[in-house]
Amino acid sequence: MTTTQPAPPSGDATTASGSALTTVAILCFGGLVAALTQTMVIPIQGELGRLLDTSEANASWVVTSTLVAGAVAMPIAGRLGDLFGKQRVLAISALVLLLGSLVCALSDSLVPMLAGRLLQGLAMGFIPVGIALMREVTPPALTATAMAAMSATLGVGGAIGLPLSAWIVQDFSWHTLFWVSTGLAAVMALAVVALVPHVRDAVPGRFDVIGALGLAVGLVGLLVAVSKGNAWGWTSGRTLGLLAAAVVVLLVWGRYELRVTDPLCDLRVTASRPVLLTNAAAVAIGFGMMAQAIVVPRLLQSPAETGYGLGQTLLQTGLWMAPGGLVMMAFSPISGRMIRALGARTTLIVGASVLGSGYLFAFFLTTAPWQLLVANCITSAGVGIGYAAMPTLILESVPLTEAGSAVGVNGLMRSIGTSVSSAAMAAILTASTIGLGGQELPSETAFHLCFIVGAAAAFLGAVLAAMVPSRRRA
């Protein structure tokens, strides 16, 4: 049964070290499972139209819906955690993931599949709430490392999801993907309900329903337009109209949030220089993370007949990419020590710089799979370091009562960065092509340009991090 404890003042330890480690392990496992569901359908993305008896355009929403739902869920779940208790929101998120995975596992047509994928996306709120809870249930010596590990699950889940999913699809039915996620979600839900402590961390206030709806409408319009811009055309009326409507809705939402008594997001806190610059860096680093996740697999799978492609199968590509996820997780304890020794700001600068260096490595060395493996490991190390530092920077600058909401907004900024990156990389790869066997394939110049753009985004993140006011550490 879940235990109830008083919330600690200023992050003092509330549990014994063993119990704290158990909580951290459960939360990291949950974050990993939630993030894994975001990329698990990539191996079957090209087959979804046939499998669900629909058009490819309709089937593409199976991926888009989850990404958009995850972005919307993060700030809303964070605020719900602040108001009603973080453990409760974690348990609900785990149950939502379980339900969504089960619906997908039983689906053979588009509508129920979309419903299940939307639920899986909403479960992404688990990650920012879990990060915020760690400050309350871990002793100070463990907090930085714990938050680093939890934050890294955003990248690790996606990194290991591709090879795992490719293996499952190759040897089993595509439904098995969702039965596996159903089983993992069931374990995650039971562990959260039974073993994650419930602290009295709820704060007085009411949930801003109008603010949540306004943010959801604005973000859905923005992210759908960005995600579908390449398919619809960036100058089409549908894309431009949706972007304009999203901007108007978000501006009205911001004005409303500044006037309401209990806002969904305290924009005055969000607009403070440390939080604003950290969130801007999150967009840039999220852009950099997604760029390598899109470009490197595409280059690995390009036919060798092009003269620059490496001719790898989907499973081989996943295996070449998998070490990056392990590197990302391995850097979690290293990142925690860096945060304690150097501070979160310097650690974020280092992470963004390492990420950019990985792209420069890839720009010059792409003639063998092992070279891209090394480049992927470098970029993954940078993502792991950077993602670890951002929650600490945010939590250093906001009151405890806004912890969940602030970390949720930071997660949203990462999602915006990944969405913009996905659209930008697709645009670059389709702008410069060569013909081979009746197919149009990205040219070598396009791949090189992608690496340059990824490096520029990462180094921009380092510059933004350097502009965050430094804090005097004890």
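None of the values given here were measured: they were computed from a predicted structure.
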Identify the heavy atoms of F126 and G31 that sit nearest to each other, and give their distance.
CE2-N, 3.5 Å
Can you tell me if Q120 uses its side chain to pair, donor with acceptor, with the backbone of G100 under 3.5 Å?
no
Hey, is the main chain of T66 close enough, under 3.5 Å, to the side chain of R117 for a donor-acceptor pair?
no
Spell out, as yes or no, whether a donor-acceptor pair under 3.5 Å connects the side chain of H448 to the backbone of A362.
no
Is a side-chain N or O of E257 found less than 3.5 angstrom from the main chain of G254, in a donor-acceptor match?
no
Do the side chain of Q38 and the main chain of L36 share a donor and acceptor less than 3.5 angstrom apart?
no
Does N279 use its side chain to pair, donor to acceptor, with the backbone of M413 at less than 3.5 Å?
no
Separation between CZ of R79 and CG of L83, rounded to the nearest 0.5 Å
4.0 Å
Side-chain atoms of residues 207-233: list all donor-acceptor pairs with protein atoms under 3.5 Å, sequence neighbours left out, distances to 0.1 Å.
from: D208; atom 1: OD1; to: G211; atom 2: N; distance (Å): 2.9
from: D208; atom 1: OD1; to: Y256; atom 2: OH; distance (Å): 3.4
from: D208; atom 1: OD2; to: L264; atom 2: N; distance (Å): 3.2
from: S227; atom 1: OG; to: L223; atom 2: O; distance (Å): 2.7
from: K228; atom 1: NZ; to: S60; atom 2: OG; distance (Å): 2.3
from: N230; atom 1: OD1; to: W234; atom 2: NE1; distance (Å): 3.2
from: N230; atom 1: ND2; to: A423; atom 2: O; distance (Å): 2.9

Does a sphere of radius 6.0 Å around CG in D262 hold more than 12 heavy atoms from other residues, nucleotides or ligands, not counting ones at 6.0 Å or beyond?
yes
For S101 and T182: C-alpha separation, side-chain torsions, deciding distance, then whether side-chain hydrogen bond (donor to acceptor under 3.5 Å, both in side chains) applies.
CA-CA 5 Å; S101 299; T182 300; 4.6 Å; no
Locate the shortest heavy-atom distance separating A185 from V33; write the atom from each residue and the value.
N-CG1, 4.3 Å
Does G417 offer a backbone N or O that forms a donor-acceptor pair with the side chain of S421 under 3.5 Å?
no
Under 4.5 Å between any side-chain heavy atoms of V350 and M338, yes or no?
yes
Indicate yes or no for a side-chain donor-acceptor contact from S432 to the backbone of I428 under 3.5 Å, with no hydrogens or angles considered.
no
Minimum heavy-atom distance between A427 and T430, given as atom pair plus value
O-OG1, 3.2 Å
Quick one: closest heavy-atom pair of V468 and R345, and the distance?
O-NE, 2.6 Å
Do any N or O atoms from the side chain of Q301 and from the backbone of R298 form a donor-acceptor pair under 3.5 angstrom?
no
Between T392 and E396, a side-chain donor and acceptor under 3.5 Å:
no
Check whether any side-chain N or O of E440 sits under 3.5 Å from a backbone N or O of T433 as a donor-acceptor pair, and report yes or no.
no
Shortest non-hydrogen contact between L122 and A73, atoms and distance:
O-CB, 3.3 Å
From L277, T278, V275, T347, residue fulfilling side chain to side chain contact (heavy atoms under 4.5 Å, CB included) relative to L393:
T278
Return the minimal non-hydrogen interatomic distance between G286 and T418, and the atom names on each side.
O-CG2, 3.3 Å
Please say whether more than 12 non-hydrogen atoms of neighbouring residues, nucleotides or ligands are located less than 6.0 Å from CZ in R206.
yes
